[in-house]
Amino acid sequence: MLWTHTFIPTLKETPADAEIISHQLLLRAGLIRKLTGGLYTFLPLGLRVLRKIETIVREEMNRAGALEVLMPALQPPEIWQKSGRYESARDVFFKARDRAKKEWILGPTHEEVITTLVANEISSYRQLPRNFYQIQTKFRDEIRPRFGLMRAKEFIMKDAYSFDASDEAAQASYQKMYDAYVRIFQRCGLKAMPVEADTGVMGGKFSHEFMVPAETGESEVAYCETGDYAANVEKAISRLPSAEPPAAEQNSRITQHASLPEKFATPGVLTIDALTKAPYNVPAEQQIKTLVYLVESKIVLILMRGDHQLNEAKLTGTLGTGNFRAATEEEIFSALGAHPGSLGAVSVTKFRVYADEMLRGGRGMTTGANEDGFHLRNVSVERDISVAKWAELRLVTAGEPCPACGQPLKIRRAIEVGHVFKLGAKYSEALEALFLDEAGKQQPAIMGCYGIGVTRTMQAVIEQCQDKDGIIWPISVAPFTVCITPLNINPGNPLILLAEKLYQELLSRGVDVILDNRDERPGVKFKDSELIGFPIRVGIGEKSLARGEVEIKRRGGVLIPIKAEEAVGKVLELLKQ
RNA sequence: CGGAGCGUAGCUCAGCCUGGCUAGAGCACUUGCUUUGGGAGCAAGACGUCGCAGGUUCAAAUCCUGUCGCUCCGACCA
């Protein structure tokens, strides 16, 4: 490709509406342009990167035995009603109407479509397993589009759906996709780590997310440096001892255990923190935090240890519904007769009480008395509170022991680029994707679904591979792998003649090469090639050519002077690495 | 949806608080000359409904009201 023939509008200055580095570089390097919030045009260079990522995804999906299809982006609402997701997913839908005023949905995902297909086409265990995938634009009415391609109204996703005759077979399909994902991200030059993930309201049993560590990521991952454990914080657990008092303190606690809850005045104390201070001196881990939620419009109490945080994703799992919110101050007061800061669950029987596992066995604890300005001490959780359900509800924090090996957990932010899900029979039952097994018995297919955010992956690569000068593309996804930079482009000049010769030779060997034949000063050409981040630059200038040499530079590496006739060989060698 | 901020040239921004000449700078763009190994210099030029609508005023980019859009923080996810 000749530079003057393609379109690469690089920007010297940082666009004001791009906050994170990868978004800035996407714009500055001339890869994308914004149409409006959450909607972007891929320019020629950006499209090349996208296509390369798609090719890697296709190759690995095909290798794993998945079959490519292309489903409609426009979907009838009926199949969503049938699957039962029409209501729960309504917030993400973009809807359209045809001339007859019938409603249509711009597909945010395709479980319903593929399951409908399979329901019609597959009827025997002999036709299973199957895995269908597509690479297609998805539409989601995001609450807040953000960070360029990271969270857009419209984005390109690879989505795959597996159908199996048994649970074990489904597990094997899942593993195949998991392995394929590891390869895909590796080939894209990304350091992505698979982490255990929450299944949320999807109700699946088993799920992993593929995370690219980055400060700008929207997710948080808890992991252990030994590599024994990694999980989304929504899902993460740790090996913290329960509220059972340590042996050394057992004696004093036993006496407290014998005594009954005792009310004491705590005027003006409204926080866990305030109660830890004099004259009360109650450590946070000896306090019970009482949270009030409205779950499907019913008041529910949630108890956590004072120093712990509620994890709403785990709450969703425990409640079996995502339809909840924190109660307002008025709702709390009318339910419990006290304001936040003085709440407790002792002798509360009117409302369902959920307690975090960490409170099990807790004695001598302090909690609100449901009377403004008073708390209760000497509370034994199991004796004094009627807990309807014990559950794992805590948000894990850094430093807690790894559940696998006991080493301290670390927490860091990450970008979710892929998600694999074991779905079970939820959709196949609802949409009647049934088959006859060997015994002639009708059964629903066991499903899995597997997504990769292709456009997001592109941005994640940039987020991970850049320096102060610009992008540093991995060879596998670079828009062009080699940029030839002659410093004089006048026709007939030895520099451009050599440049054209090298260009032709590299082209004939199938190298993605671009020739910077612009009439620009050297500084401009160097800056642009570094901003865009071509992995290899071949510089051709008068000084070195006088010695019969050209200059090869790996992006981010050192300059290698080399005889002109050896340049092509050297480039090919570098590309192999 | 709640909170914060911003809309002035293609881009980055000044001017607004305290209303007043023909609305500015840098970069980019056009032409010419010079320059030519790290985002060149000089000269000339082109580019604006100051987001939009309404109001206050002799006078509005500037003050007021409304509206639209964008960015950031929270709930959503690939």
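The sequence lines fix the lettering, A, B, ..., with proteins before strands; numbering per chain opens at 1.
A residue-by-residue look at Glu312(A) and Asp528(A) shows that Asp528(A) has its nearest nucleotide of RNA chain B further toward the 5' end. Positionally, the nearest nucleotide of RNA chain B for Gly523(A) lies more toward the 5' end than for the other of Ala18(A) and Gly523(A).
If you check every strand for non-hydrogen atoms under 4.0 Å, Pro108(A) touches nothing. At the heavy-atom level, Gly418(A) lies under 4.0 Å from the strands shown only through sugar-phosphate atoms. Using a 4.0 Å heavy-atom cutoff across all strands shown, Arg90(A) reaches no nucleic acid atom at all. Residue-level contact check: Ala89(A) touches neither bases nor backbone, having no heavy atom under 4.0 Å from any strand. In this structure, Leu487(A) reaches the bases: a heavy-atom distance under 4.0 Å links it to at least one base atom across the strands shown. Within the 4.0 angstrom heavy-atom criterion, base atoms lie near Glu551(A). Here Lys34(A) lies in heavy-atom contact (under 4.0 Å) with sugar-phosphate atoms only. Within 4.0 Å (heavy atoms only), Ser219(A) reaches at least one base atom of the nucleic acid.
The listed nucleotides are C11(B), A40(B), A78(B); the one nearest the side chain of Val524(A) is A40(B). Set against C1(B), G39(B), A78(B), the side chain of Arg28(A) has G39(B) as its closest nucleotide. Of the candidates U71(B), C77(B), G26(B), U71(B) carries the atom nearest the Tyr40(A) side chain, counting heavy atoms from C-beta on. Closest to the Phe147(A) side chain, of the nucleotides C72(B), C76(B), G39(B), is C72(B). Each of C72(B), C11(B), A78(B) was ranked by its minimum atom distance to the side chain of Arg151(A); first place goes to A78(B). In this structure, of C76(B), U71(B), C13(B), it is C76(B) that holds the atom nearest to the side chain of Ile143(A). Of the listed nucleotides (C77(B), C76(B), U71(B)), U71(B) has the atom at the smallest distance from the side chain of Glu19(A).
Separating the P atom of A46(B) from that of G10(B) is a span of 16 Å, rounded to the nearest Å. Comparing the C1' positions of C13(B) and G5(B) gives a spacing of 16 Å, expressed to the nearest Å. Spacing of C1' atoms, U12(B) relative to U8(B), comes out at 12 Å, to the nearest Å. Distance noted for atom C1' between A59(B) and C63(B): 13 Å (whole Å). Going from the C1' atom of A14(B) to that of C58(B) covers 29 Å, rounded to whole Å. G24(B) sits 15 Å from U62(B) when the C1' atoms are compared, rounded to a whole Å. For the C1' atoms, the distance linking U67(B) with C76(B) amounts to 28 Å, nearest Å. Nucleotides C29(B) and C11(B) place their C1' atoms 12 Å apart, quoted to the nearest Å.
A59(B): no Watson-Crick or G-U partner with both key distances under 3.5 Å is found in any strand. With a 3.5 Å ceiling on both atom-pair distances, G38(B) lacks any Watson-Crick or G-U wobble partner. With a 3.5 Å ceiling on both atom-pair distances, the Watson-Crick or G-U wobble partner of G74(B) is C1(B). Both distances falling under 3.5 Å, in either a Watson-Crick or a G-U wobble arrangement, place G7(B) opposite C68(B). Shown here, G45(B) forms a base pair with C29(B); the pair counts as Watson-Crick or G-U wobble because both key distances fall under 3.5 Å.
For the pair Lys153(A) NZ and C70(B) P, the computed distance is 6 Å after rounding to whole Å. Atom-to-atom, CG of Asp519(A) to C1' of U31(B) comes out at 15 Å; the value is rounded to the nearest Å. Nucleotide G38(B) holds its C1' atom 13 Å from the CZ atom of Arg555(A), rounded to whole Å. For Lys527(A) and G39(B), the NZ to P distance is 7 Å, given to the nearest whole Å.
Note on Glu13(A) versus Arg28(A): no salt bridge recorded, every NZ/NE/NH1/NH2 to OD/OE distance being 4.0 Å or above. Salt-bridge check for Glu196(A) with Lys235(A): failed, with every basic side-chain N at 4.0 Å or more from each acidic carboxylate O. Salt bridge annotation for Asp467(A)-Arg555(A): present, with a cationic side-chain nitrogen under 4.0 angstrom from a carboxylate oxygen. With respect to Arg412(A) and Glu220(A), no salt bridge is recorded, no charged nitrogen being found less than 4.0 Å from a carboxylate O.
Here Phe526(A) does not lie in a stacked arrangement on the base of G39(B), lacking the combination of planes under 30° and ring centres under 5.5 Å apart.
Contact annotation: side chain of Arg144(A) to base of C76(B), donor-acceptor pair absent below 3.5 Å. One cannot find a donor-acceptor pair under 3.5 Å joining the base of G69(B) and the side-chain atoms of Thr36(A). Between the side chain of Glu520(A) and the base of G39(B) there is no donor-acceptor pair of N/O atoms closer than 3.5 Å. Checked by distance alone, Glu542(A) brings no side-chain donor or acceptor within 3.5 Å of a matching partner on the base of G37(B). The base of G74(B) has none of its N or O atoms less than 3.5 Å from a complementary donor or acceptor on the side chain of Glu218(A).
A sub-4.0 Å separation between OP1 or OP2 of A78(B) and a side-chain N or O of Thr109(A) is absent. For the OP1/OP2 pair of U12(B) and a distance below 4.0 Å, the side-chain nitrogens and oxygens of Lys12(A) include no atom meeting the criterion. Between Arg521(A) and A40(B), a side-chain N or O to OP1/OP2 separation shorter than 4.0 Å is present. The phosphate of G74(B) has OP1 or OP2 within less than 4.0 Å of a side-chain N or O from Arg146(A).
At a cut-off of 3.5 Å, with distance as the only test, a side-chain donor of Gln459(A) or Ser22(A) sits close to an acceptor on the other residue.
Between Phe93(A) and Trp80(A), the gap from one ring centroid to the other is short of 6.0 Å. For Phe147(A) and His23(A), the distance between ring centers is not under 6.0 angstrom. In this structure, Tyr161(A) has its ring center at least 6.0 angstrom away from the ring center of His110(A). Taking the centre of each ring, Phe185(A) and Phe210(A) come in below the 6.0 Å mark.
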